[in-house]
Amino acid sequence: MGKQRLRPSLFPDCAPYLNFLSPEEEYEGGQDPLDELVMSFTAPTGTSPPILECFQRFGFTIVEWTTRDLLDLTGPAWDHVIVREKCGHLNYRQMAAAVKVNKLPG
């Protein structure tokens, strides 16, 4: 038996959590996500294939982020810094209010 794509929040009156699975696990109801869960997820060029696979298995459509300009973001985004790169300063005040960025490392 598979697992649900969404799981209830631990906190009252909060949105549910996205439930990401390991490669050997399956979602309940098969690999096709519900239409209301399909949305885009922005990721920069060079994002690790396992990260992209995890988001795609959940049902996200991956949009390539090439400009590194936060004004271009309109939804959830993944950012990363290659270990040998220096993390440039990003002005998070330029992001739209609904934009969420998971920035690793740091």
Should Glu26 and Leu21 be marked as a side-chain contact (heavy atoms from CB on, under 4.5 Å) after you check the CA-CA gap, both sets of side-chain angles, and the distance that decides it? CA-CA 7 Å; Glu26 290 188 17; Leu21 303 181; 5.6 Å; no
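Between Asn19 and Arg5, every side-chain heavy-atom pair lies at or beyond the 4.5 Å cut-off. Looking at Phe55 and Ile62, their side chains come closer than 4.5 Å, going by heavy atoms from C-beta outward. Residues Leu6 and Phe58 form a side-chain contact, since some pair of their non-hydrogen atoms from C-beta on lies under 4.5 Å apart.
Interatomic distance, CD of Gln4 versus CG of Leu18, reported as 13.0 Å (0.5 Å rounding). Atom OH of Tyr27 and atom CZ of Arg57 lie 6.0 Å apart (nearest 0.5 Å).
In this structure, Phe20 and Cys54 approach most closely via the heavy-atom pair CD2-SG, 3.4 Å. When all heavy atoms of Ser9 and Cys14 are compared, the pair lying nearest together is OG-CB, 3.4 Å.
By the ring-ring contact (aromatic ring centres under 6.0 Å, His included) test, Tyr17 pairs with no residue at all, sequence neighbours left out. By the salt bridge (charged side-chain N to carboxylate O under 4.0 Å, His left out) test, Glu25 is found to be paired with Lys3, residues two or more places apart in sequence or in another chain being considered.
Leu52 and Val63 end up in different hydrophobic clusters when Ile, Leu, Val, Met, Phe, Trp and Tyr side chains are linked at under 4.5 Å.
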